[in-house]
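Counting starts at 1 for both ligands and their atoms, in listed order.
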Amino acid sequence: MPSPPDATRPGDGCFVHEMPEVRVVFGAGTLDRVAGEAVLLGSSVLLIAGRRQDPSADRVAAALAERCAGRIDGVAEHVPARIADGAVGRVRQTGADAVVSLGGGSAVGRAKAIARETGIPILAVPTTCAGSEMTPIWGRPEAGRKATGRDRRVLPRTVVYDPELTLGLAPGLAAASGMNALAHAIEAAYPPDASPVTRLLSAESVAALTTALPRIVRDPDDLGVRLAVTNLRGADGRCTTALTRIVRDPDDPGVRRRAPYCAWPAGSVLGATTMELHHKLAHILWGTYSLPHAGTHNALLPQTAAFNAPAASGALASVARAVGGPDVGGIGPALFDLARATGAPTSLSQLGLSAAVMVDVVRQVLDAGIIDPRPLEPDAVAESLRDAVDGHRPGDFAGAEPGQW
Ligand code: NAD
C-alpha cells in the first residue's frame with residue numbers, strides 16, 4: 001500500500017494521528033454483557049460463531065432472545081467468497097441490523113464482509129490475539145491473492161474482551177497468536193504514519209507480550225487460580241491435607257487471562273498505521289500459498305525484524321529492551337528463541353512452503369511498492385526469506401548506531 005501523502009518520518013516532529021474510537025468492554029465474565037451491548041447497536045442481531053464457540057454463542061443467543069435474528073457458524077481464514085456471500089445473504093434474508101462475531105480473526109473477517117457490503121455495525125468478541133477487532137482493515141481472496149483495504153464501516157463499534165474465552169486455545173496456538181499480535185506491535189514502531197501515540201501503544205504492547213509469551217509457554221496452566229488446602233484430622237488423630245477449593249487469586253489474573261490485554265493495543269496500532277515488509281510477506285504467504293495465519297507470523301517475525309533492525313535502530317530500541325537484547329542487533333535472535341519456545345513451527349517449510357516458490361514471493365513483495373525502513377534489495381529480501389523457509393536463527397550484528405528511523 002503506498003504511503004499516505006501526508007505521512008512523515010519519525011523525528012520530523014510532524015505527524016497525522018487517526019485512530020477512530022471503539023467502545024471496549026473488558027474483563028472476566030463480560031460475555032454476559034454482549035447481548036446488552038449488542039442491542040445498543042441494533043434491534044435484530046445476527047450471531048457469527050465457529051462451532052468451537054457454541055457454548056458461548058448459546059449464552060449470547062439466549063440472552064438476546066427474540067432479538068437474535070439467527071446464527072451462522074461457518075468461519076474460515078481469509079473469508080472465501082462463498083463464506084462472505086453466504087453471510088451477506090443471511091443478513092438480507094433475516095433483516096438483521098447488527099452483527100456479533102464471536103471467535104478469532106476468521107469470525108471477525110466474516111462480520112467485516114457483511115459490514116462492508118451492508119454498512120450494519122459489528123460487535124466483536126475476540127477469542128484469539130489476532131487483533132482484527134480493532135482495525136478498519138478488510139481482506140478477501142482475489143485471483144489467488146489476498147486483497148486488503150480499509151473502510152471505516154468494517155471497524156467494530158464495540159469490542160467485548162472476556163479473557164475467559166481465550167482459555168480454550170491450546171497453549172501453542174495461544175502463543176503463536178500472541179506472536180501475531182507482537183508482529184503488529186513491532187511493525188507499527190517504524191512506519192511513516194506512526195505517531196507518538198501509536199509508538200506508545202506499540203511499546204506497551206511489545207512489553208506486555210514479551211513478558212506474557214514466555215510465561216504462556218512455560219506455564220500454560222497459569223490461569224491465576226490457587227488451590228485452597230485444609231488440614232484435616234481424622235478419627236485416628238492423623239492429619240491429612242485435602243484440596244478443598246480452587247479459588248481465583250485476586251492479585252494475579254494469570255498470564256492466560258492477561259493475553260487479550262496485550263493483543264488490544266497491538267490491534268489498535270495495526271489499524272492506525274501502514275504495515276510494511278512483514279505483513280506484506282504474510283499476506284502473500286496466506287493469500288497465494290494458503291499458509292496458516294498465526295503460525296506464519298511465528299516463523300516470519302524473527303527474520304523480518306532482523307532484516308529491518310539495522311535500518312530502524314531508533315524506532316526499535318524499545319523493542320530491543322523488551323526482548324532483553326543489549327541493542328537492536330539482538331532482536332532477531334531473541335525473537336527466534338521466543339518463537340521456538342512457543343512450540344509452533346519456526347520455519348515456513350514446516351508450514352508447507354516450498355523453496356521453489358521463493359522467486360514468486362520475492363517478486364510479489366517487490367511489486368507491492370511498500371516503503372520499508374531498509375531498502376528492499378531483491379537479494380537481501382530473498383536471503384531473509386530463505387532463512388524463514390529454512391528456520392535459521394538470525395545472527396546478531398554489531399550494535400547499530402541510532403539511525404534516521
Ligand atoms: P482463526 O479465527 O481462524 O482461529 C484459529 C483456530 O482457532 C480456529 O480453528 C478457531 O476455531 C480456533 N479458536 C479460536 N478461538 C478459540 C478459542 N478461544 N478456543 C479454542 N479454539 C479457538 O485464527 P486467527 O489467527 O484468530 O485469525 C486469522 C484470520 O484473521 C486471518 O484470516 C487473518 O487474515 C485475519 N486477520 C485480519 C486482521 C485485520 O485487521 N483485518 C488482523 C489480523 C488477522
Side-chain angles (χ1 to χ4, degrees), residues 1 20 22 31 48-57 73-80 83-84 101-113 115-116 122 124-142 145-156 159 161-185 187-188 216 220 223 256-257 259-260 263-264 266-275 278-288 290-298 344 351:
M1 187 182 293
V22 176
L31 179 68
I48 299 177
R51 299 308 300 265
R52 289 211 175 97
Q53 269 70 50
D54 265 352
S56 307
D73 62 15
V75 295
E77 284 191 350
H78 317 306
V79 205
I83 292 267
S101 72
L102 215 166
S106 297
V108 186
R110 199 165 188 197
K112 286 181 169 184
R116 188 160 172 249
I122 301 174
V125 188
T127 61
T128 68
C129 297
S132 179
E133 69 280 359
M134 295 306 286
T135 85
I137 303 169
W138 54 264
R140 66 158 187 255
E142 219 171 70
R145 306 230 164 135
K146 176 158 178 168
T148 59
R150 285 171 190 258
D151 184 336
R152 282 275 188 108
R153 290 180 308 168
V154 310
L155 178 74
V159 176
Y161 287 104
D162 183 342
E164 305 291 313
L165 302 180
T166 62
L167 301 182
L169 274 176
L173 189 53
S177 185
M179 288 295 278
N180 182 182
L182 191 55
H184 305 332
E187 200 153 62
I216 289 178
L223 303 179
R256 296 286 302 274
R257 287 197 169 84
W264 165 14
S268 300
V269 292
L270 168 69
T273 61
T274 307
M275 294 287 121
H278 175 87
H279 281 75
K280 179 45 76 181
L281 274 172
H283 277 189
I284 294 166
L285 294 172
W286 311 322
T288 310
S290 304
L291 262 55
H293 182 75
T296 299
H297 285 287
N298 200 59
L351 297 173

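Only the side chain of Thr128 comes within 4.0 Å of ligand 1, judged by heavy-atom distances. With a 4.0 Å heavy-atom cut-off, ligand 1 is reached by the side chain of Arg52 but not by its N, CA, C or O. Of the heavy atoms in His293, only side-chain atoms (C-beta onward) come closer than 4.0 Å to ligand 1.
Ligand-side atoms of ligand 1 in range of Leu173: 7 (O), range being under 4.0 angstrom from any heavy atom. Within the listing of ligand 1, atoms 39 (C), 40 (O), 41 (N) sit less than 4.0 angstrom from a heavy atom of Thr135. In summary, the atoms of ligand 1 found under 4.0 Å from a heavy atom of Gly168, numbered by their order in the structure, are 19 (N), 20 (C). For ligand 1, the atoms lying closer than 4.0 Å to a non-hydrogen atom of Ile137 are 39 (C), 40 (O), 41 (N). Taking every heavy atom of Lys112 and a limit of under 4.0 angstrom, the matching atoms of ligand 1 come to 39 (C), 40 (O), 41 (N). Set against the non-hydrogen atoms of Gly104, the atoms of ligand 1 under 4.0 Å away are 2 (O), 26 (O). Remark: ligand 1 atoms within the under-4.0 Å shell around heavy atoms of Lys146 are 33 (C), 34 (O). Contact atoms of ligand 1 toward Leu270: 40 (O), 42 (C) (distance under 4.0 Å to a heavy atom of the residue).
Nearest heavy-atom pair, Ala111 versus Ser101, reported as atom, atom and distance to 0.1 Å: CB-CB, 3.9 Å. A pairwise comparison of heavy atoms in Ser56 and Leu31 identifies CB-CD2, 3.8 Å as the closest pair. In plain terms, the two heavy atoms of Ala57 and Ala49 that are nearest each other are CB-CB, 3.8 Å. Summarising the geometry of Thr128 relative to Ser177, their closest heavy-atom pair is CB-OG, 3.6 Å, with the distance given to 0.1 Å.
Not a single protein heavy atom sits closer than 4.0 Å to atom 5 (C) of ligand 1.
The shortest N or O to N or O distance between Trp286 and ligand 1 is not below 3.5 Å. For Leu165, a nitrogen or oxygen atom sits less than 3.5 Å from a nitrogen or oxygen atom of ligand 1, counting backbone and side chain alike. The N/O atoms of Asn180, backbone and side chain alike, include none that comes under 3.5 Å of an N/O atom in ligand 1. When only interatomic distances are considered, the shortest N/O to N/O separation between His78 and ligand 1 falls below 3.5 Å. Between Gly103 and ligand 1, no pair of N/O atoms sits closer than 3.5 Å.
Among all protein heavy atoms, the one lying closest to atom 13 (N) of ligand 1 is Leu169 CD2, 4.0 Å. The protein atom (non-hydrogen) at minimum distance from atom 3 (O) of ligand 1 is Ser106 OG, 2.6 Å. For atom 43 (C) of ligand 1, the nearest protein heavy atom (residue, atom name, distance) is Ala130 O, 3.3 Å. Of all protein heavy atoms, the one closest to atom 15 (N) of ligand 1 is Thr127 OG1, 2.7 Å. Distance from atom 24 (P) of ligand 1 to its nearest protein heavy atom, with residue and atom name: Gly105 N, 3.6 Å.
Considering only heavy atoms from C-beta on, Trp138 stays 4.5 Å or farther from Arg153 through its side chain. Looking at heavy atoms from C-beta onward, Val108 lies out of side-chain contact with Pro126 at the 4.5 angstrom threshold.
For the pair Met134 and ligand 1, no heavy-atom separation below 4.0 Å is found. Residue contact check for ligand 1: Gln53 places a non-hydrogen atom closer than 4.0 Å to it.
Among Arg140, Arg145, Lys146, the one residue that satisfies the side-chain hydrogen bond (donor to acceptor under 3.5 Å, both in side chains) test with Glu142 is Arg140.
Comparing heavy-atom distances from atom 38 (C) of ligand 1 across Ser132, Ala263, Ser177 singles out Ser132 as nearest.
Between atom OG1 of residue Thr135 and atom CG of residue Leu155 there is a gap of 7.0 Å, rounded to the nearest 0.5 Å. Annotation: the span from Thr148 atom OG1 to Met275 atom CE amounts to 11.5 Å, rounded to 0.5 Å. If you take OG1 on Thr296 and CD1 on Ile284, they are separated by 12.0 Å, rounding to the nearest 0.5 Å. To the nearest 0.5 Å, atoms CG (Leu291) and CD (Glu77) are separated by 10.0 Å. One distance of note links CG of Leu285 with NE2 of His297; it measures 10.0 Å at 0.5 Å rounding. Atom OG1 of Thr273 and atom CD of Glu187 lie 8.0 Å apart (nearest 0.5 Å).
Between His184 and His278, a ring centre-to-centre spacing not shorter than 6.0 Å is recorded.
Between the side chain of Lys112 and the backbone N or O of Gly139, no donor-acceptor pair lies under 3.5 Å.
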